[in-house]
Amino acid sequence: MSEETHFGFSRVPLQDKQARVDEVFHKVASRYDLMNDLMSAGLHRVWKDIFAAKVHPSRKAPFRHLDVAGGTGDIAFRIAKAGSKLTEIVVLDINADMLEVGRQRAAKRPFDAKLEFVQANAEDLPFPDNSFDAYTIAFGIRNVPRIDVALAEARRVLKRGGRFLCLEFSNVDVPFLDRLYEAYSFSAIPRLGQWVTGDADAYRYLVESIARFPDAESFRDKIAAAGLERATFTRLSGGVVAIHSGWKL
């Protein structure tokens, strides 16, 4: 029997999940940022500002950064602004449509930092060991079929002293807000998806994938198990999202 994993609330063969995720993002790529604004009432911009600010690229020395599942460039652009001419950023995504959106957006921005767009899998990064000073992944880790493999790859490509940072939806820990958030997610978001992108099913999957993702404590333990030390997390907006951190020491 082939190994299975979850795709939202469904069970699918492990080898099929990536293709299904790719199809979801193929459908929503052109309206991805607009939907983020509508779904979060613009809060995703604040979350990303706080997240990217934790990278702290050097202003004096070369700094090489990897942003995984970063196709549209939201995180990479923030880090480019904070860095110097010595900052190099690789934007990696498995989905060509998301990367194309990022390339088009980058072409309109006068960044000093070098931006490179690479299509590849988070589970099999095409880089040597000890290549990057920092690794970020925002709202992408829950879509990876084998999260443990992706975390191991993150550790592998980080330099000693390098930092892993992940921004992901989490478990709301405020009474009453948790029920309100769940009702909003499963009712309003697929309807928004239908209205804006013409595809309710894609956003139904995204909501289900959030519900299936481990709570903040459990994901912190996964990060530690991958060999990333000082694993911690910080909840934002009552636990709607969390920033996870670990170090390769």
Side-chain angles (χ1 to χ4, degrees), residues 3-14 16-29 31-44 46-48 51 68-69 74 94-95 98 122-123 137-151 165-197 199-223 225-226 231 233-244:
E3 187 177 353
E4 290 189 339
T5 188
H6 58 84
F7 179 77
F9 289 161
S10 303
R11 300 291 298 178
V12 299
L14 179 63
D16 292 352
K17 178 172 179 176
Q18 191 62 67
R20 293 192 180 207
V21 171
D22 288 349
E23 181 61 21
V24 167
F25 284 94
H26 169 73
K27 292 176 179 177
V28 305
R31 299 292 183 91
Y32 185 72
D33 293 312
L34 172 60
M35 273 298 295
N36 283 342
D37 279 329
L38 294 173
M39 289 189 300
S40 70
L43 266 178
H44 77 104
V46 178
W47 298 332
K48 289 171 181 174
F51 176 64
V68 175
D74 267 7
I94 199 168
N95 189 281
M98 298 288 279
E123 297 181 3
I137 182 167
F139 303 122
I141 196 77
R142 72 182 190 282
N143 296 313
V144 175
R146 297 178 296 173
I147 291 174
D148 294 343
V149 174
L151 291 173
L165 285 162
C166 175
L167 174 64
E168 190 52 87
F169 289 103
S170 193
N171 52 310
V172 176
D173 63 347
V174 177
F176 303 112
L177 178 60
D178 53 354
R179 296 180 185 178
L180 181 64
Y181 176 65
E182 181 178 3
Y184 167 74
S185 297
F186 283 93
S187 178
I189 288 179
R191 292 179 183 177
L192 272 174
Q194 179 65 42
W195 176 52
V196 175
T197 71
D199 194 325
D201 288 342
Y203 282 91
R204 190 169 293 109
Y205 157 72
L206 293 175
V207 169
E208 291 177 359
S209 72
I210 293 168
R212 287 297 305 264
F213 191 70
D215 60 36
E217 292 82 2
S218 298
F219 187 55
R220 174 199 59 202
D221 294 344
K222 281 182 176 289
I223 293 169
F233 65 86
T234 302
R235 290 188 173 97
L236 302 177
S237 301
V240 172
V241 301
I243 296 175
H244 290 266

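Just so you know, these numbers use all the heavy atoms, side chains as well, and skip hydrogens, waters and symmetry mates.
The ring-ring contact (aromatic ring centres under 6.0 Å, His included) search around Phe219 returns Phe213, His244, not counting sequence neighbours. Under the rule for a salt bridge (charged side-chain N to carboxylate O under 4.0 Å, His left out), Asp215 has no partner lying at least two apart in sequence or in another chain. Checked against side-chain contact (heavy atoms from CB on, under 4.5 Å), Ala231 has the following partners two or more places apart in sequence or in another chain: Arg220, Ile223, Ala224.
Contact record, Lys222 with Asp148: NZ-OD1, 3.4 Å, taken as the closest heavy-atom pair. Between Ala69 and Gly140, the shortest heavy-atom distance links the atoms CB-CA, 3.9 Å. Here the shortest heavy-atom pairing between Arg142 and Phe169 reads NH1-CD1, 3.7 Å.
Rounding to the nearest 0.5 Å gives a distance of 7.5 Å between CG of Leu167 and CG of Leu236. To the nearest 0.5 angstrom, Arg146 atom CZ is 12.5 Å from Leu151 atom CG. Note that NE2 of His44 is 14.5 Å distant from CZ of Phe51, once rounded to the nearest 0.5 Å.
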Please assess Ile243 against Phe233 for the test side-chain contact (heavy atoms from CB on, under 4.5 Å), listing each intermediate value before the final yes or no.
CA-CA 5 Å; Ile243 296 175; Phe233 65 86; over 6 Å; no
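With hydrogens and angles ignored, the 3.5 Å screen pairs a side-chain donor or acceptor of Asn171 with a backbone N or O of Ala216.
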